[in-house]
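Nothing fancy with the numbering, it's 1 onward along the sequence.
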Amino acid sequence: MSLSARSITRGLELGGVASRKLATRLGLWSAGVLLNGCATYHALPLPGPGKLPDQLSELHGAPAARTTLDITTIERLVLLNNPDLRRARAEHKVAQAQMLQAGLLPNPALNGSLGYLISGVGDSTAWTAGISEDIRALVTLAPRRAAAKAAAAQVDASLLWQEWLTVGQARLLVVDLVEGEQLATVQRHSLDLLQQRSDRMRQSVTDGNHDLATAAPDLAAAADAQAASDDLQRRLLGQRHALNALLGLAPDAVVLLPTRLDLPAPDMTEIRQQMETLPRRRPDLVALQLGYQAQEATLRAAVLAQFPTLSFGYSASQDNSRVRNGGPAISFELPIFDRNQGNIAIARATRQQLHDEYRDRLNAAHGEIDALLAEQVQARAQLAALQPPLRGATNDVAHAEHAWQAGLIDLRGYVDLVAAAQSRQSAAIALEKAVLEQQVAIDTLVGAGMPASLPQDVIAP
């Protein structure tokens with residue numbers, strides 16, 4: 001065997017032993033690091049088709065069966081059982097996971113190499129090893145953590161606003177159903193009388209006592225009343241289905257509601273005071289401020305990231321003649337073409353967009369509340385003005401009923417008086433409904449009952 005061949009063989013043997021020892025040590029060390037606290041994977045199969053509960057008692061937190069539910073109980077059941085809210089609450093876990101990821105320190109980087117002795121002077125395997133850390137990632141860590149924390153809080157505030165809107169939607173449905181049932185009762189009474197008059201008139205036409213031209217108004221009135229009643233019943237059925245959906249119930253589940261709702265006059269002074277603290281009480285405005293705070297931190301991180309990528313560490317090496325050296329190692333990029341100008345410009349433009357959106361949303365909220373307050377005053381004034389003629393029409397119906405039973409007036413005159421009274425009663429119910437809907441909308445927009453949920457460290461726009 002020649003000298004060069006023996007040298008090659010010897011180098012390979014020495015290199016093989018050293019590399020095997022080094023590989024074994026590195027393998028054991030890496031395995032220990034990786035296995036310590038590692039996450040594991042578990043499959044999560046998708047569920048099959050489910051069945052919505054068709055009994056109120058099956059809901060979480062439901063009262064006893066056949067219980068009449070007030071608005072407060074409806075609100076509580078919606079918050080506990082609404083499917084959309086349950087799905088939305090999963091966003092909280094995602095935001096917390098993102099905040100955890102943003103707060104993790106960057107991993108240090110290891111590098112190494114082996115140089116087997118192939119020929120020449122030497123008696124060992126050469127090697128190099130080093131460890132380094134990304135300094136720029138450490139510099140931007142604090143603002144990235146702040147941005148993720150604010151973004152997680154923004155998700156929570158947005159979820160609270162979604163819950164608040166869902167509760168407001170349930171309130172409106174309760175108002176519509178309770179007032180709609182009152183209107184349906186009035187319509188059924190009116191329809192019965194109009195149908196009775198229509199049947200008599202139709203029989204009179206058959207008997208030859210009246211012609212169709214004379215009977216046409218009575219027949220048309222009964223047909224219009226029937227159409228209005230059918231339309232109301234369809235609307236009420238849709239509203240019952242919508243309320244059941246908010247509660248997580250099957251469409252045909254029975255939910256008992258009160259027959260009357262209170263009409264407390266709004267306290268204008270209290271509402272004005274609530275408007276002054278609107279930015280700290282309305283969850284959507286809180287969410288916008290938290291989003292603005294997150295974008296401020298994102299912009300700071302982008303400004304810090306314009307400095308060159310810098311890695312600092314330690315490096316050591318040995319050549320084939322066992323000469324070793326070591327020392328600090330630094331690497332950085334030259335900021336000639338990219339100084340993170342694009343990301344900085346995007347972050348600044350996004351911050352301005354959020355700034356303008358918050359300003360516009362705040363102004364719109366005040367405008368909406370002012371408009372609803374004015375409409376509330378008008379609706380209550382109209383409702384109060386309607387009460388005297390409504391009482392007069394009710395008294396007229398009572399006198400007309402006695403006169404009709406005594407044979408002093410015919411059925412046509414009696415039905416006309418009843419229809420006039422019930423028309424005023426229907427108008428009063430419609431005004432009551434409008435007042436209640438406005439009150440629900442005002443409470444929702446001012447965040448009535450909401451705590452001052454805005455954190456103290458939020459950066460105001």
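- The structure places CG of Leu100 at 5.0 Å from CG of Leu104, a figure rounded to the nearest 0.5 Å.
- Between Leu110 and Ile131 there is a side-chain heavy-atom pair separated by less than 4.5 Å.
- No donor-acceptor pair closer than 3.5 Å links the side chain of Ser423 to the backbone N or O of Ala419.
- Around atom CZ of Arg136, more than 12 heavy atoms belonging to other residues, nucleotides or ligands sit under 6.0 Å away.
- Checked by atom type and distance alone, the side chain of Thr298 pairs as donor or acceptor with a backbone atom of Ala294 at under 3.5 Å.
- Remark: the backbone N or O of Thr259 is paired with a side-chain donor or acceptor of Gln182 at under 3.5 angstrom.
- Counting heavy atoms from C-beta outward, Leu445 and Leu372 have side chains that approach closer than 4.5 Å.
- Taking the side chain as every heavy atom from C-beta outward, Leu77 and Leu56 approach each other to under 4.5 Å.
- Using a 4.5 Å cut-off on side-chain heavy atoms (C-beta onward), Leu141 and Arg144 make contact.
- To the nearest 0.5 Å, atom CG of residue Leu80 and atom CD of residue Glu75 are 12.0 Å apart.
- Remark: side-chain polar atoms of Asn81 are not paired, donor with acceptor, to backbone N or O of Leu247 under 3.5 angstrom.
- Remark: side-chain polar atoms of Arg145 are paired, donor with acceptor, to backbone N or O of Gly103 under 3.5 angstrom.
- No side-chain heavy atom of Asp134 sits less than 4.5 Å from a side-chain heavy atom of Leu310.
- A salt bridge links Glu181 with Arg240: the closest approach of a Lys/Arg side-chain nitrogen to an acidic carboxylate oxygen falls below 4.0 angstrom.
- Residue-environment remark: CD (Gln101) stays at or below the threshold of 12 foreign heavy atoms within 6.0 Å.
- A donor-acceptor pair is defined here as one N or O able to donate and one able to accept, closer than 3.5 Å; no such pair exists between the side chain of Arg339 and the backbone of Phe307.
- Of the inter-residue distances, the one linking Arg202 atom CZ with Leu219 atom CG reads 4.5 Å to the nearest 0.5 angstrom.
- Once rounded to the nearest 0.5 Å, the distance linking CD of Glu432 with CD of Gln425 reads 9.5 Å.
- The two residues Tyr414 and Val397 have their closest heavy-atom pair at CE1-O, 4.2 Å.
- Taking 4.0 Å as the cut-off between side-chain N and carboxylate O, Arg272 and Asp370 count as a salt-bridged pair.
- When side chains are defined from C-beta on, Leu237 counts as touching His241, because their heavy atoms get closer than 4.5 Å.
- Formation of a donor-acceptor pair under 3.5 Å by the Gln295 side chain with backbone atoms of Ala347 is found in this model.
- The NE2 atom of His92 sits 5.0 Å away from the CG atom of Asp156 when rounded to the nearest 0.5 Å.
- Within the 3.5 Å criterion, the main-chain N or O of Gln162 finds a donor-acceptor partner in the side chain of Thr166.
- Here the NZ atom belonging to Lys433 is positioned 12.0 Å from the CG atom belonging to Leu261, to the nearest 0.5 angstrom.
- Looking at Asp199 and Gln203, their side chains never bring a donor and an acceptor atom within 3.5 Å of each other.
- A donor-acceptor pair under 3.5 Å links the side-chain atoms of Thr394 to the main chain of Leu390, judged by distance alone.
- Contact check on Arg260 versus Glu179 returns no salt bridge, with no Lys/Arg side-chain nitrogen under 4.0 Å from an Asp/Glu carboxylate oxygen.
- Side-chain contact between Leu177 and Leu236 is present, with at least one heavy-atom pair separated by less than 4.5 Å.
- A salt bridge does not link Asp192 with Arg188: none of the charged nitrogens is closer than 4.0 Å to a carboxylate oxygen.
- Looking only at atom types and distance, the side chain of Arg391 has no donor-acceptor partner in the side chain of Gln387 under 3.5 Å away.
- If you check the side chains of Asn340 and Asn343, you find a donor sitting under 3.5 Å from an acceptor.
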List the steps, then state whether side chain to side chain donor-acceptor pair (under 3.5 Å) holds for Arg380 with Gln376.
-> CA-CA 6 Å; Arg380 286 186 177 273; Gln376 175 90 159; 3.1 Å; yes
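- Under the 3.5 Å distance criterion, the side-chain polar atoms of Trp164 are matched with a main-chain donor or acceptor of Thr444.
- Nearest heavy atoms, Glu58 versus Pro53: OE1-CB, 3.3 Å.
- Salt bridge Arg89/Glu163: present, at least one basic N to carboxylate O contact under 4.0 Å.
- Just one of Gln233, Arg234, Gln226 meets the side-chain hydrogen bond (donor to acceptor under 3.5 Å, both in side chains) condition when paired with Asp230; it is Gln226.
- A 4.5 Å side-chain heavy-atom check between Val418 and Leu194 finds every atom pair outside the cut-off.
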